[in-house]
Every structure is written in C-alpha cells, then in structure tokens.
There are 2 protein chains.
Amino acid sequence: MRLSLLSYALLGLLEQQPSSGYDLRKIFVQTPMWSYSDSPGAIYPALARLEKSGLIRGRVEASAGLRRRKVFRLTSAGTVELKKWLGKPVSREEVIRGMEELMLRFAFTERVLGSAAATQFLKDLEKALQSYVPTLREFLETQNEALPISGRLALESGIRGYESQLGWAKYAIAMYAERNKGGTSS
Amino acid sequence: MRLSLLSYALLGLLEQQPSSGYDLRKIFVQTPMWSYSDSPGAIYPALARLEKSGLIRGRVEASAGLRRRKVFRLTSAGTVELKKWLGKPVSREEVIRGMEELMLRFAFTERVLGSAAATQFLKDLEKALQSYVPTLREFLETQNEALPISGRLALESGIRGYESQLGWAKYAIAMYAERNKGGTSS
DNA sequence: CGATACATGTAAGAAGTTACATGATTGT
DNA sequence: ACAATCATGTAACTTCTTACATGTATCG
C-alpha cells in the first residue's frame with residue numbers, strides 16, 4: 001500500500017488525536033506543515049480515500065451547535081500502516097529520494113515507536129548523509145570545469161543543504177542523549 | 001501562462017543548447033537535476049505541451065544512422081517566457097513557497113539575464129531569508145512548550161535549512177564580487 | 001441584516017508515476 | 001540471432017490545484 005505524503009501526514013496527526021478535516025486543515029495552514037498542502041480540495045478527498053481503505057474511521061459528532069463535524073480516528077489497520085511506514089529503514093536511497101518524507105517520518109517516530117526508534121532513525125540518517133555528501137562533492141569537483149559558475153553554485157547550495165541536515169542530525173542525537181540520561185525509552 | 005517546474009527546467013536547458021528528449025533525459029538522470037523528474041512519461045509529454053503552446057519547436061534530424069531524433073529549440077516566444085520567469089522578483093513569498101523553484105531559476109539566470117541580474121537575485125534572496133528566518137525562530141520559541149521534542153527538532157531542521165541557504169547566498173555574492181573585479185556583466 | 005468563522009465537500013483540469021510498446025542500430 | 005543501447009512515445013492511474021457550492025451559527 002503506497003500513500004501520498006499528505007496521507008501519511010494525516011495519519012500521523014490523527015494518531016496524536018482524533019480530529020475533523022477542519023481541525024487538520026488548520027494545522028496545515030498555521031504551521032510549517034503547510035508544505036504538505038493546505039487546500040480543502042486535497043485534504044477532504046485524502047481523508048475519504050483513507051476511510052475507504054479502512055485506515056481511519058469518521059464519525060459525525062453533533063457537538064455544541066455549529067454544523068456537524070466528522071471526527072476521524074485511526075483504525076487498528078491504520079496504526080499498523082503508520083508503524084510500517086515509520087519503521088522503514090533510513091537508507092541512502094531514501095535520502096536521495098528526498099528529505100521531506102524523512103523529516104515527516106521523524107516528526108512522528110518518537111510518539112509512535114518510542115525514543116529508542118527515534119534515536120536509531122537519527123543515527124541511520126547520520127550514516128546515510130555521511131556516505132552521500134562526499135559523492136556529491138566529488139561530482140561537483142569532477143564537473144567543475146564543465147559547469148558555468150551559476151551551475152556550480154546551485155549544486156553547492158544543494159550540498160550545503162545536506163551538510164546542514166547532517167549537522168542537525170548530530171545535534172538531535174545529542175539532544176536525545178542529554179534527555180535520556182535518566183529516563184528510559186517509550 | 002503557468003508552467004510546471006519540469007517545463008521551466010526544459011526551457012532553461014534548451015536555451016543552453018538544442019537537444020532531443022533523450023539528451024534532456026540523460027541530463028536529468030545523470031545530474032542532481034533528477035529531482036525535477038527523470039521519467040520519459042513526464043519529459044516527452046512536457047515537451048509536447050511546450051511545442052503545442054509555441055515555446056519550443058522540434059525538428060526531426062536524421063543524423064548518422066540510428067533512429068530519427070527530434071531536436072528541440074526555443075522559439076522567440078519561448079525565450080520571452082523564460083526571461084519573464086527568471087525576471088520575477090525574489091520575494092519572501094517566493095521563499096516560503098519553496099527553494100526548489102528559486103534555485104532552478106538561479107541556475108539559469110546568469111546565462112540568460114547576465115551576471116548583474118544573478119547578483120541582484122542573490123541580494124534579494126539574502127534579504128528575503130534574513131526576514132523569514134527570525135519569523136520561524138520566533139514560531140519555534142513561542143510554541144516551544146506545546147511541541148514534543150521531535151516536533152521541535154523537525155522544525156529546527158527546517159530552520160537550519162533556511163539558515164544554510166542564507167550562508168550560501170552570502171558565499172555566492174562573494175564569489176561573484178571576486179570574479180567581477182575585472183570584467184563587466186553579461 | 002450582513003460579514004465572518006465554522007465545516008464539508010465537489011468539479012474540472014493539470015501533471016506526475018509506473019509500466020508498457022515500438023522500432024532502429026550496434027556489438028558479440 | 002540476441003542483447004544492449006539509442007530514441008520516442010502512449011495508457012492507465014493517482015493525486016494535486018484552483019475555484020466553486022453549500023450550509024450553520026455568531027457577532028456587531
């Protein structure tokens with residue numbers, strides 16, 4: 001089962017708390033999560049698809065006045081699917097495919113799989129980036145002559161982006177190590 | 001006229017040199033430009049759309065043996081459209097919408113609009129980022145209590161990405177300043 | 001009463017994905 | 001003869017975008 005990033009984002013948010021489409025949309029509009037799409041024309045159909053495939057279930061709740069709200073919850077199948085997605089290995093290939101999906105996964109990992117899994121995620125990410133960045137640097141150097149200055153710079157920008165992620169991963173690992181000095185996971 | 005990023009990428013590459021769909025696809029497959037899609041099912045239809053709207057024109061060239069190649073060139077309307085896109089102001093809104101389009105534009109700007117325009121692009125980008133990053137930092141700090149550690153970290157990662165772009169913009173400005181000590185623009 | 005916030009949706013169209021189809025030429 | 005590479009495309013499907021439609025309740 002392959003879902004869009006938006007669908008996974010919805011699944012992850014619903015795991016945190018049952019919500020209506022309107023509630024969910026507010027989150028997308030008000031936080032940097034807007035990048036997964038904030039339009040009702042994407043969110044409502046995505047919820048309908050998730051319900052049709054049995055990952056969530058909506059129930060109309062006639063709360064205090066107002067129009068009827070349809071509140072969605074994860075089903076057990078939905079929880080399974082979410083865990084399966086979050087548990088996928090963090091490989092170099094995943095990094096190449098794009099950081100967006102990985103960061104979305106990270107945002108939900110601790111809550112759903114526990115802080116040991118979150119730490120593992122970060123370590124795998126660190127390793128993948130450490131292997132990928134030199135490849136890009138090498139590409140830049142071998143193509144150096146062939147590229148115009150703007151091409152070189154555009155590539156440099158991408159590489160710096162990955163390096164920045166690498167720095168962040170180390171920082172995040174340190175944060176978890178710090179916090180877990182006393183407590184245990186999950 | 002609104003085109004997809006892939007279409008603009010094709011336009012920009014064709015401005016650099018007339019190419020067949022196959023040539024173009026090789027570029028997408030072999031360089032980090034793959035992120036704009038590397039599948040023939042995207043590239044050929046995109047070229048057909050561009051031709052239909054008069055921005056490029058393809059001519060079958062029966063070169064040495066092999067199957068017929070259809071080589072595309074920008075039309076004057078295509079050049080106009082490309083310049084219009086490249087010339088759009090670099091605003092905070094553009095930054096929020098996403099760095100991908102901006103970096104693609106930068107990669108073509110110098111060649112098409114000259115190095116003065118490229119420098120201006122970088123200065124505008126620097127300004128936009130300098131205004132945007134503190135907004136995000138502020139959001140992070142005000143939400144600090146409400147967010148779980150993984151949420152905070154995910155946001156921190158995004159912010160660092162923008163900071164990295166800011167650092168790059170300064171670096172790129174310095175590179176241009178260095179190079180232009182003797183020569184003039186365009 | 002009219003504007004605004006709450007709340008859910010649909011319709012038309014654009015553009016991407018994967019997978020397949022087709023065909024010419026070159027190397028083994 | 002067969003596989004690999006060159007080269008162009010199509011078909012089915014998925015999902016997003018923009019714009020619109022609909023309706024309730026509250027506030028000034």
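What you see below is based on every heavy atom in this structure, not just the backbone, and it leaves out hydrogens, waters and symmetry mates. Chain identifiers are assigned alphabetically (A, B, ...) following the order of the sequence lines, protein sequences preceding nucleic acid strands; residue numbering begins at 1 within each chain. Computed from a predicted structure; not experimentally measured.
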query = For the pair made of CG in B:Leu24 and C1' in D:dT8, what is the distance, rounded to whole Å?
reply = 13 Å
task = Respond yes when some side-chain nitrogen or oxygen of B:Tyr22 is under 4.0 Å from OP1 or OP2 of D:dT8, and no when none is.
result = no
query = Rounded to whole angstroms, how far apart are CD1 on B:Ile27 and P on D:dA7?
reply = 13 Å
query = Counting side-chain heavy atoms from CB outward, which of C:dG9, C:dA7, C:dG16 is closest to B:Leu6?
reply = C:dG16
ask   = Looking across every strand, which nucleic acid part, if any, lies under 4.0 Å from B:Ser20 by heavy atom: base, sugar-phosphate, or nothing?
value = sugar-phosphate
ask   = With under 30° as parallel and over 60° as perpendicular, where do the rings of B:Phe108 and B:Trp85 fit, or are they tilted in between?
value = tilted
remark   = note: B:Tyr44, atom OH; D:dA11, atom P; distance rounded to Å ~ 16 Å
task = Would you tell me if any nitrogen or oxygen in the side chain of A:Ser4 comes within less than 4.0 Å of OP1 or OP2 on D:dT14?
result = no
key: Minimal non-hydrogen separation, B:Arg105 against B:Gly87, with atom names   = NH2-C, 4.2 Å
message = From CZ of B:Arg59 over to C1' of D:dT8, roughly how many Å is that when rounded to an integer?
response = 18 Å
task = Identify whether any heavy atom of A:Gly41 sits under 4.0 Å from a base atom; if not, whether one sits that close to sugar-phosphate; answer base, sugar-phosphate or nothing.
result = base
note = Looking only at heavy atoms, the pair that brings B:Met33 and B:Phe28 closest together is O-CD2, 3.2 Å
Phosphate OP1/OP2 of C:dG16: any B:Ser37 side-chain N/O under 4.0 Å = no
query = Is the shortest side-chain N/O distance from B:Arg49 to OP1 or OP2 of C:dG16 below 4.0 Å?
reply = yes
message = Without decimals, in angstroms, what is the distance between A:Arg68 CZ and D:dT22 P?
response = 14 Å
request  = Hey, can you tell me if A:Phe121 and A:Phe106 have their rings parallel, tilted or perpendicular (30° and 60° cut-offs)?
outcome  = tilted
note = Rounded to whole Å, CZ of A:Arg69 lies from P of C:dT8 at a distance of 6 Å
